[in-house]
Every structure is written in structure tokens, then in C-alpha cells.
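Order of listing sets the numbers, starting from 1, for every ligand and every atom in it.
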Amino acid sequence: MTAPPFLRLGVNIDHVATIRNARGGAFPDPIRAAQLAVQAGADGITAHLREDRRHISDGDIARLRAEIAKPLNLEMAATEEMVAIALKHKPHACCLVPERREERTTEGGLDVAGGRAHLEPIVRRLVGAGIRVSLFVEPDSGQLAAAKAIGAPVVELHTGAYCEAQGAAQAAQLARIEAAAAQAARLGLECHAGHGLAYESVGPVAAIPTLVELNIGHFLVGEAIFVGFEVAIRRMRQRMDEARRR
Ligand code: PXP
């Protein structure tokens, strides 16, 4: 059996910006957090520029591009405004996510199958600019097939329902993620996962051999309050590596 590919860790720094914005000043600086994340072993930095700019700002994206050498994964809604920003900054990657103003966080995945007419030209423009495009989807076979059909090279599976469930319900959600990751591999899609992952929930997801990247943020920023950002990231990395070895 061939060894699974290395599992990358993308550290999402949105909620460092949330804390900064609570007071409207410059501290804590999310770009300093990104530097620390890189020192702690992050393989990339993920940031979500929301339409309402509730955490990450346009200036943060410019600074991340200028000051951080590791790949930037820009999470964004599939809107004309965001496409223009992505084409201007040319991040390594864009992850298209559904966005509703009233939501607290990204609830559910994109409806790729239903939104094909809107999404397909956006994916084409971003891919044409050399940006690695991923679509944030529920672990659902119809959505994966639609992602493949519109030319997205990558999907990111939403792990929120798995992280929130318990017991048998959690095992069922994990099985959905495993099946979707296997389907992605069969379709030739690079497969990522993320949302809500914490120390207790990361292992079974990290163990899925066809996953190549996890994006994790909120838990790490919260844990940083107690142990520091670098330690929190190193502990997460360790759990991912242990699960991968098993
Ligand atoms: N992946 C995607 C596509 C997301 O939208 C988010 C949240 O911004 C994450 C991963 C990270 O989720 P969390 O902050 O809950 O770890």
C-alpha cells in the first residue's frame, strides 16, 4: 500500500482579527499571528475576507501577501467584488464559500449543483489566473460531482456537522466525510477538510488517507489564550501526524 500524502495544515487567522476589531485598533495583529503560525509549522495561512469585513480587512490581505512567504488561502464568497480582489492579490489559493450576512460562521457548504451557472465562470476566471480554486461543500456525492463538472481542481469538505455531533451521529457524519474523500480521489479532485476541528475531533479526519489539507482556526485562536498560539498549533500538528501514522 502506498503511504498517504503529507497532510498540510492551513492555519486560519480570522479570529485574531475578530479580537482586534472588538476594539477597532491594531492589536492583536493577525499578520503577527500568521508569522507565529508559520514558525510553529503551518503549511499555509487561511483568511476569510467576508463581505461585511467583520474580521479580516482588505489591508490584512495585502499585508499577508507582502509579508508571509507561505501560501495564502483566501476564503471568499463567489461575488464580483471578491473575484476582483482575488485577481488583484493573486493568492496561492481561493476557497469559495457560501456567505450570508446574518450567519455567525460559514453554515453549510456551497450548492455547486444548483449554482453552476453562477459558479462555473468564476472558477474558470480564477483558475485562469493561476489560482488554485477549491469549493467548500458538504460531504455529498452530488456536490462533488458538480464540483468536478464545473472544473474546480479542489474541494474542501465541511466538517462542522461531524464536529458538532456526538456518539453514533458523529460516527455517521465521519462516514460521510470518509466516503466523500474517497469519491473525490476517484474523481481526481484534491480533497481538503475543515470547520470546527479541535484536538478531540481532528484525529479521525486526519486519518483519512486521501485528504491532503486541513484548515483550522477558531479552536487554535481560543486555545492560544491558554497555551500560546505556537504551542496550540504544534499540539494540533502532533495530533494530525499521530493519526496519519496509525
Ligand atoms: N474552512 C473553511 C472553508 C471555513 O470557512 C472555515 C471558517 O472560516 C474554516 C475552514 C475554519 O473553521 P474553524 O475556524 O472553525 O476552524
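On a distance-only criterion, Val97 and ligand 1 share no N/O pair closer than 3.5 Å. The N/O atoms of Glu156, backbone and side chain alike, include one that comes under 3.5 Å of an N/O atom in ligand 1. The shortest N/O to N/O separation between His15 and ligand 1 does not fall below 3.5 Å.
Of the heavy atoms in Asp14, only side-chain atoms (C-beta onward) come closer than 4.0 Å to ligand 1.
Heavy atoms of Phe219 stay at 4.0 angstrom or farther from ligand 1.
The Phe136 neighbourhood of ligand 1 comprises atoms 2 (C), 3 (C), with distances under 4.0 Å to a heavy atom of that residue. Per-residue contacts place Ile216 under 4.0 angstrom from the following atoms of ligand 1 (heavy atoms of the residue considered): 16 (O). Short contacts between ligand 1 and Gly196, defined as distances under 4.0 Å to a heavy atom of the residue, involve ligand atoms 12 (O), 13 (P), 15 (O), 16 (O). Which parts of ligand 1 touch Asn215 is read off a 4.0 Å heavy-atom cut-off, strictly below it: atoms 10 (C), 11 (C). Near Asn12, the atoms of ligand 1 lying under 4.0 angstrom from a non-hydrogen atom of the residue are 8 (O).
Salt bridge annotation for Glu190-Arg8: present, with a cationic side-chain nitrogen under 4.0 angstrom from a carboxylate oxygen.
When the options His192, His55, Glu75 are ranked by their closest heavy atom to atom 2 (C) of ligand 1, first place goes to Glu75.
Checked against side chain to side chain donor-acceptor pair (under 3.5 Å), Asp111 has the following partners two or more places apart in sequence or in another chain: Gln143.
Going from atom NE2 of His15 over to atom CG of Asn21 covers 11.5 Å, rounded to the nearest 0.5 Å. Considering CG of Leu72 and CD1 of Ile131, their distance stands at 10.0 Å, rounded to 0.5 Å.
A side-chain N or O of Glu213 and one of Asn215 form a donor-acceptor pair less than 3.5 Å apart. No side-chain donor-acceptor contact under 3.5 Å links His195 and Glu156. Side-chain contact, Arg32 with Gln35: no donor N or O sits under 3.5 Å from an acceptor N or O.
Between Val221 and Asn12, the shortest heavy-atom distance links the atoms CG2-O, 4.3 Å.
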